[in-house]
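What follows is one structure encoded as structure tokens, with my remarks underneath.
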Amino acid sequence: MAPGQSRSRHRSVKSNLVSVRGASVLQELLTELAFVLLPRGMTPKRFCELARSAFVQAAADMSKLRNGKVNHSRVAAQTGLGRADVKRLLTRNVFDSGRPDQTPLRRVISGWRTDRTFANRDGSPKRLRIAGSSTSFTGLVKKHGGDVPHRAVLDELRRIGAVSVDEDSVQLQSAHRPCQRHDFIFLSPVLPALVDGLRIASSKARSGPGSSIHRLSLPVETEIDLAIVRDRCASSAKAMLDGLGHSLGTQVTVPRRRGKSAYSFTITILLAENRAKRSQGTS
């Protein structure tokens with residue numbers, strides 16, 4: 001093999017390895033996000049809709065013309081979507097897309113409440129035998145749950161506290177409302193820190209993200225030690241931020257001018273508690 005071909009092959013292999021590692025890191029991030037969103041009712045289909053809209057919006061912001069209009073062709077070229085899809089996503093409110101995505105679990109619960117075969121005349125769900133005729137829980141899942149086995153649906157309903165189960169029958173809890181899970185406002189407090197971290201990590205500044213991201217992990221043995229470390233870290237973080245705000249908040253090197261500042265500097269401190277995973281074989 002010629003030297004030039006060898007170098008080209010080496011660069012190609014190295015590029016593929018970097019690509020695989022990068023994809024693995026992104027997959028890890030998405031997996032952690034899925035752990036948080038899945039129990040709250042988010043589905044892959046709904047997440048895909050939100051992601052498509054987000055990518056189009058980001059491309060639109062980067063593709064605005066001097067007159068402020070969006071270049072739909074450039075957005076389509078960047079995202080790989082057709083111009084018609086781009087226009088639809090830019091003009092439609094993705095949050096007004098109707099009811100949440102119907103998972104098999106939601107379809108089964110809805111059918112249990114509305115299908116006359118499985119609901120009483122007053123609309124209350126019947127107590128169903130787990131297996132047997134078409135009016136059993138098995139029949140309910142076959143009719144409304146698609147190709148998901150009834151045992152899998154039953155286990156998930158039990159896990160979220162939606163049903164009570166006897167030896168051979170199951171009852172839907174009338175007070176259970178799965179639609180209440182679709183609330184992601186809890187992400188608001190961590191969103192600024194997450195956005196700042198992503199922007200720092202993706203920056204191509206010479207200093208690199210390492211100069212702006214500092215991390216300390218403290219091993220803790222007992223719950224008492226954990227409480228002590230938690231309180232000490234919280235009070236130290238507050239004291240540091242209060243001190244910086246007092247010393248730098250009024251004047252740094254030049255007198256403060258009136259009007260909107262051209263720049264800002266943000267300091268965010270996250271205190272996270274993680275339990276070490278026990279390895280197999282340990283008691």
Set of residues satisfying salt bridge (charged side-chain N to carboxylate O under 4.0 Å, His left out) with respect to E32, sequence neighbours excluded: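 With sequence neighbours excluded, E32 shows a salt bridge (charged side-chain N to carboxylate O under 4.0 Å, His left out) to no residue whatsoever.
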Identify each donor-acceptor pair in which a side-chain atom of residues 227-236 lies under 3.5 Å from a protein atom, sequence neighbours left out, and give them as a table.
residue: R230; atom: NE; partner: E273; partner atom: OE2; Å: 2.4
residue: R230; atom: NH2; partner: E273; partner atom: OE1; Å: 3.3
residue: R230; atom: NH2; partner: E273; partner atom: OE2; Å: 3.3
residue: S235; atom: OG; partner: D231; partner atom: O; Å: 3.0
residue: S235; atom: OG; partner: R232; partner atom: O; Å: 3.0
residue: S236; atom: OG; partner: R232; partner atom: O; Å: 2.8

Distance-only donor-acceptor pairs under 3.5 Å for side chains of residues 73-87, two or more places apart:
residue: Q78; atom: OE1; partner: S63; partner atom: OG; Å: 2.8
residue: T79; atom: OG1; partner: V75; partner atom: O; Å: 2.8
residue: T79; atom: OG1; partner: L81; partner atom: N; Å: 3.3

Ring geometry between H150 and F137 (parallel below 30°, tilted from 30 to 60°, perpendicular above 60°): perpendicular
Residues R52 and E49 bridged, charged N to O under 4.0 Å: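 Salt bridge flag = no for E49 with R52.
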Positive for side-chain contact (heavy atoms from CB on, under 4.5 Å) with R158, one of V153, V165, V170: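 The side-chain contact (heavy atoms from CB on, under 4.5 Å) with R158 is passed solely by V165 among V153, V165, V170.
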same_hphob_cluster(V36, L270) at 4.5 Å side-chain heavy-atom cutoff: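 V36 does not cluster with L270.
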Test log, rule side chain to side chain contact (heavy atoms under 4.5 Å, CB included), inputs V108 and L140: CA-CA 7 Å; V108 167; L140 170 68; 3.7 Å; yes
F186 six-ring face occupied by R40 cation (under 6.0 Å, within 45°): yes
Between S169 and R127: side-chain donor-acceptor atoms closer than 3.5 Å: yes
Verdict with supporting geometry, D155 and R151, salt bridge (charged side-chain N to carboxylate O under 4.0 Å, His left out): CA-CA 6 Å; D155 289 343; R151 279 294 174 186; 5.6 Å; no
Donor-acceptor contact present, side-chain W112 to main-chain L172, <3.5 Å: no
